[in-house]
Each structure stands twice: as structure tokens, then as C-alpha cells.
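Everything on this sheet refers to the single structure shown next.
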2 protein chains.
Amino acid sequence: MYHFILACTECSASYSADMTTLHCTKCNSVLDVAYTAEEAYDVRSNPSDMPVPLRNPADAISLGEGNTPTVNLRNLGDSLGTSHLYAKLEAMNPTGSFKDRGTAVMISVAKEMGVTQVVEDSSGNAGASVSAYAARAGIYAHIFAPASAPAAKLGQIAVYGATTHAIDGDRQAVTDAAVDFANSNGIVYASHNLSPYFIEGTKTFAYEVVERFGDDLPLHIVMPVGNGSLLIGIHRGFAEIEAAGEISRIPTLHAVQAQAVMPLVAAFNGKPAPTTGATIAGGIAVANPPRLRQCIRALGDTGGTAVAVAEADILRWQRQIARQEGVFIEPTSAAAFAGVKALLDMGKIRSSDPILVAATGFGLKDAMPPSDV
Amino acid sequence: MYHFILACTECSASYSADMTTLHCTKCNSVLDVAYTAEEAYDVRSNPSDMPVPLRNPADAISLGEGNTPTVNLRNLGDSLGTSHLYAKLEAMNPTGSFKDRGTAVMISVAKEMGVTQVVEDSSGNAGASVSAYAARAGIYAHIFAPASAPAAKLGQIAVYGATTHAIDGDRQAVTDAAVDFANSNGIVYASHNLSPYFIEGTKTFAYEVVERFGDDLPLHIVMPVGNGSLLIGIHRGFAEIEAAGEISRIPTLHAVQAQAVMPLVAAFNGKPAPTTGATIAGGIAVANPPRLRQCIRALGDTGGTAVAVAEADILRWQRQIARQEGVFIEPTSAAAFAGVKALLDMGKIRSSDPILVAATGFGLKDAMPPSDV
């Protein structure tokens, strides 16, 4: 008996905790962790006090993820037309992206539950992260990734010893191949998009923001969103801290997507899913995010919005932040800064509002910017 | 009038603080920062209490360097034959290597002293680091690097906006070209090898080790050594903390070099400098380290030694740590683990001795390991 269950995100169904239940059998929606009432937690805006889905947190598989620095970007803020711009440098996680927060918890739960092999599908960052944490846990990992992913990302997956399955076709084809492989071989599908445990890891971002800013939180948090595991985790973390009475309001959360792949932007505005094209922001090139409704709620509940940005703007702000601030981020992360500009131009953010951007991944993980560098 | 001077490392000469004095005019030795007697410091094994060569530490140029995690490597320890193996993951610095510690202080001093342009020479990591911090400081950087450096390292230097000067020839040719350029253009030569300020930054490593372990320090700290800025900084940091009475002993410091480029190993053993060859460990391919005598003292004073390792062993342990622990380091860092094995085999370290390895740089910064991945 665990101190948590898995609760449907859309209906009232719930399930006992395991590593294989990923959807509600009644309505087919995705699941979240729900802590049992007996499990009383004393949340004090401190990650070590937060509820975690582990019996023995001291045995968690960790590579030192989280506790990333927050830096003030005065130079870039001037260029964007905002006076209080901060970035949380998620590249300074063990494998170079925020994914390590979620993976650490997902793989720790897997280890605690006796799992010996996992299957994951990823455009790159989550694959590298799962490969690394599985290696440390002694769990064998099969990572399915698009054959078109940057060579550095595919190489990073392989270096930790996972078997890489490079799949031709679009992102959905990669997921389908991973699910087929998991089912036909009886291996746990440890999907960072679907696993309720992954989000229990990404919520540490919110705890750290409260540790850093206290109740004087940034008014806005802007982030790139593909599957939305960071958005949902941040929302969940702040909700826990607010419920504990430690903060008086939750920052307004905004999602940024590439114009080429913008299902959340369309859905948030009540429009049908658009056809997708190619984007340099590989980490958010997700046409059918399974947690779309949760993403929309996270934005709506906090008064935020979803915006789409052009490829040229992604590259422009990637170059600008490196040259003005010495921060080298991947295009996916740069999309968030292009999004800040769009949100300022739209009047959704005022120039005097404090803004925090989740700079989600290291520039070294991708190809170098193609022009003028 | 600053609260510190520059003191010769070999004779009694001293100089007032500036950014251009790099050698003693009497004996041509390199210089260290020496704090004036009036500047009373209360060192409490806490980086925020340590002496720094800045008038206004609050205005320091920072990207969130330091405070890297220390992880226990049980799987790799079993393979190496040691029961208490830790690594401090220096890849989790803003540009992906320990160099950011030194650069942060060196560039902060430059900014405080009104410097607007700097010249640096580097095999890659220090160049990327100086390029990044200079960008954030609004200082224009010229980085001289070997044309043969990995493409990812050269690309990273360029992305922050520095002018990269790729030089054919050996490492010394790169240094000579940088010095010539600085002299003929009247630009400050902000050399991470020579600048006394750089070492004031790397000493934070020692403060963090004391914060993490208290007085129950690892018996041995093993690190790759090229120019020795980390070795000298760690020694200096521990010496400050010991002088303050906060620790009762300094860990034994060991240096690891590649057999192909091992001037410190030769000098430590009283042998003439050997001819140098090619090594995959580019970060320690330094044939003529200007702080060689300081390196020898840091080893000798702590009872440590210098060992050289083979190319095949560097690659072997690079692959092993990724596959067993999920930690992807560059070959230069892997040399340190090969060095642990050598030190165990030589009886310089006992299998039960707690060992900390400085895992100095991220694997993504280099080419992927060439075989079997």
C-alpha cells in the first residue's frame, strides 16, 4: 500500500499506484498522483518538505538535479523592452535540461517498484535524461527518438548505454513504435508525457521559485511548452504551496510554442488543431500533447495565455541572449524569450512586470545557430 | 587603493593591484592575490565569507557558477575497486566546466577596473567561459584557440559573440599569438593561466567541499591538471579555511595528466620535461604550465602525487562512468578517474579511503566517444 494513488485528471476514477497504469480505463484521460489523506504534509516552500511518491526518499536516484540558478537579465530585458527579466537556468541540470527533474522521480519510483527495463520516446532531451538516470539506477533503457534529431542529442542518449531506436517519420510515429515495442516485449512504458510521476518531479521548479523570491513572486512565468510537463508541474507545485498558505497568489503562467507546431495555442483559443510544419525548436515539436487539457487549465487558472512565435524570432533571441548575457540556450528555450516579446507587444505583460523565463535546455545539446556566429 | 596586492609566488616582491601585471619584474614568476592585513576576514567555510578581490562583491558578474552537486558513485567505485567514491559535477556550471568559477572573478575584477576589451587563449573551455562572462559584462573578448579544438568548443566560443582567432600550430603557438595580439593592440591579456584573479575564483571549490563534508573531508581529491588553476585554487581555498581553524587537515591533492602531455608528472618526479604527443584530453594538453612550481607545492604540501594515464584508459573510464552512473564527462575529466585507478594500483590510495574526483567538464563539449556507443 502506497501513500498515494493515481487519480484521473478528468473524471472521479482512481487507481492504485503502479508503473503501468497510464490512462483512466473509464474515460481514457491521463492520470495524476494524488496523496492519501492520512499522508499529512507540511509544505513550507521547501522542496525537501514537499510530497513525493516514494516510500524511501533517501534512496531516490539523484544526479544532483534542480536547485538551478536564477539570473537577472538586464541587458536582454532592455532589448525586449522589459525592466525586470529573470531566467532560471535549467540547462544546469545533470544532462542539460529541466527534464532531469521529472526523470529523477519517475526512475526513482520505477526502481522502488522493482522495474528492470523501461521504454521511452523522446525528441532528445527526455531520452538523454531517462538514459542517464536509468544507467545510474541499473535499469535497462530503450529510447525511441526521431532519426532526424540533432546528432548531439542522439549521441548523448547512446553514451549512457541505452539502446537507441532511431525512427523515421514524424513524432507520432516515434511514440507509436515505442508503445508497440513496450507492449510486445512486456516492458514498462516510462513515458515522460504520460507518467504521473514525471510531473511530481517537475513541480520542484515552483518550490525553488518560492525559495528564491519568497512571496514577492514574479508576476509572470513564461516557458516553452511541448507536452507541457514543466507547465503542469509548475502549476501543481504552486497550487500545493498556495494550499499550504505559504504564498498568497500563483504567478501567471504563459506557454510559448513555435508557429509551425502550435496545438496548445489553437486549443487555448478554441480553434481546431492546425497542420504542423518543421521547427528548429525540436523540444516543443509535439503535435498531439496528451496532457493538453491540463495545460489549458494551468494557463486559464492563472490568467495566462499561449502564444506562437516565428522561426526567425527564435533564432534571433537565441543569439541575442548568448551575446548579451552569456547564456547559451537551445532554440526550444529561446522560443520563450521570443514569446516574452510577443506577450509584451500584445499587452498581456506590462513592461514593468517582473517576468521569469524557464530557460529549459543547454545550447550545446543542439546544432550551433546557423548564421552569423 | 584596493584591499589586496599582487604578491610574487617565488620571491618577496609585491605589486599594487591591476589587470596588466602578470609576472614579477624581479624574478619573472607568476603572481597571487594577497589580502592586506587591515582586511580582516571571518572565514567560516562558506563562500560568501571568503576573501574576494572585489570592492563591491554585490556587483560581481555572475551566471550562477559554483554550488555544483556532489554525488556518490557506488557503481563506478565497485569497478575501480574503491568503496567511497564521490564526484563533484563541475559540468553543471553555466558554460559547462569548472572554468566558470575562475572566470567569474577574473571578469568581475576586469569590469570593476574599467576594462573594456580582453584577450584570452584557451584550448576551448576557458575560451567559452571568458566569452560568456565578457558578454554579460559588456566587455569585448578576443579568444585565441587551436584550430584543432573540437567544433563544439569553437562554436561555443563564437556563440557568445567573442571574436575567435583559430591558430594553427601547437598550444604554445596559440599563447604566443594571443600575447602578440594583446601587446600590439594595447588590450588586457586576461589569461586564465596567469591571472591571479582566476585562482581566487576556483578556490570556491574547496569552500563548497567543506560545506558539503564538514570536517569529515574526503582523504583524497583527484583532478585532471593542465595549467593547474583548479589544483592551485583548491589548495589555496583549503589553506584559508585551515588558517581560520575551521578544518583540522587538508585533503591529499592528486594531479592526473595524460601520458602524452605530462610536464607536471615529470617535474614532480624530478625528471626533465618529456616531449609531448597528441591526447584526446584537450583540456590538459599543456606542455609548459606557467604555474608548475605552485602545482608541485600543492601536491607536496598535502602529501599527494602526480600520475599519468594512457589514452585507452581515459576513453574506457569516460564510457564507464556514463554507463554506470549516468554522468557524461569530457575526456579531460575522465582522465581523473583513470588516475584514481592508477593511484589505487600504486598504493597511493587505499581501497577504503574516501575519494572525491573533480569531474571538470561536460561530455557534450567534446566529440562523442568514438567507439562502442
Side-chain angles (χ1 to χ4, degrees), chain A residues 61-75 87-89 91-96 100 103 107 128-138 151-156 158-162 164 318-328 362-365 367-369 372-373, chain B residues 61-75 87-89 91-96 100 103 107 128-138 151-156 158-162 164 318-328 362-365 367-369 372-373:
Chain A
I61 305 299
S62 173
L63 285 165
E65 60 286 341
N67 294 311
T68 54
T70 298
V71 294
N72 192 340
L73 304 179
R74 288 192 187 86
N75 305 328
K88 194 160 166 64
L89 304 182
M92 288 162 71
N93 272 299
T95 73
D100 294 331
T103 305
I107 293 294
S129 183
V130 170
S131 184
Y133 282 81
R136 187 157 162 87
K153 288 193 178 184
L154 292 176
Q156 195 187 358
V159 83
Y160 300 114
T164 308
Q318 182 191 24
R319 193 166 63 221
Q320 200 90 336
I321 186 175
R323 294 185 164 213
Q324 293 194 299
E325 300 288 0
V327 174
F328 183 28
F362 203 170
L364 283 180
K365 291 173 73 82
M368 289 291 151
D372 189 22
V373 290
Chain B
I61 307 299
S62 174
L63 285 164
E65 61 286 342
N67 294 312
T68 54
T70 298
V71 294
N72 192 340
L73 304 179
R74 287 192 188 86
N75 305 328
K88 194 159 166 65
L89 303 182
M92 288 163 69
N93 272 299
T95 74
D100 293 331
T103 305
I107 293 294
S129 183
V130 170
S131 184
Y133 281 81
R136 186 155 163 87
K153 289 193 176 182
L154 292 175
Q156 194 187 0
V159 84
Y160 301 113
T164 308
Q318 183 192 25
R319 193 167 63 221
Q320 199 92 335
I321 186 174
R323 296 188 163 210
Q324 293 193 301
E325 300 288 359
V327 174
F328 182 28
F362 204 169
L364 283 180
K365 291 173 74 81
M368 290 290 151
D372 189 23
V373 290

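All figures in this text were calculated on a predicted structure; none of them were measured in a lab. The sequence lines fix the lettering, A, B, ..., with proteins before strands; numbering per chain opens at 1.
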| message | A side-chain contact here means heavy atoms from C-beta on lying under 4.5 Å apart; do B:Met92 and A:Thr68 qualify? | response | no

| remark: Across all chains, not counting sequence neighbours, the side chain to side chain donor-acceptor pair (under 3.5 Å) partners of B:Thr103 are B:Ser129

| said: Going by salt bridge (Lys or Arg N to Asp or Glu O under 4.0 Å), name the residues that satisfy it together with A:Glu65, two or more places apart in sequence or in a different chain. | reply: none

| request: Would you mind checking which part of B:Leu63 comes under 4.5 Å of any heavy atom in chain A, side chain (CB onward), backbone (N, CA, C, O), both or neither? | output: both

| query | Between A:Gly138, A:Ala128, A:Ala87, A:Pro69, which shows the greatest number of heavy-atom pairs under 4.5 Å with chain B? | reply | A:Pro69

| Quick one: of A:Ala162, A:Gly96, A:Ala134, A:Pro94, who has the most non-hydrogen atom pairs under 4.5 Å with chain B? | A:Pro94

| task | Can you tell which part of B:Gln324 gets under 4.5 Å to a heavy atom of chain A, answering side chain, backbone, both or neither? | result | backbone

| Any side-chain heavy-atom pair of B:Leu73 and A:Arg136 under 4.5 Å | yes

| remark: Here the pair of heavy atoms bringing B:Gly326 nearest to A:Ala135 is N-CB, 4.0 Å

| Of the backbone (N, CA, C, O) and the side chain (C-beta and beyond), which part of B:Thr164 lies under 4.5 Å from a heavy atom of chain A, both, or neither? | neither

| task | Measure distances from B:Asn67 to the heavy atoms of chain A and classify the residue's part below 4.5 Å as side chain, backbone, both or neither. | result | neither

| query | Any side-chain heavy-atom pair from B:Phe328 and A:Gln156 closer than 4.5 angstrom? | reply | yes

| Minimum heavy-atom distance between B:Arg323 and A:Ala158, given as atom pair plus value | NH2-O, 4.2 Å

| said: For a quick test of reading the model, state the closest non-hydrogen atom pair linking A:Ala322 to B:Val159 and the distance between them. | reply: CB-O, 3.3 Å

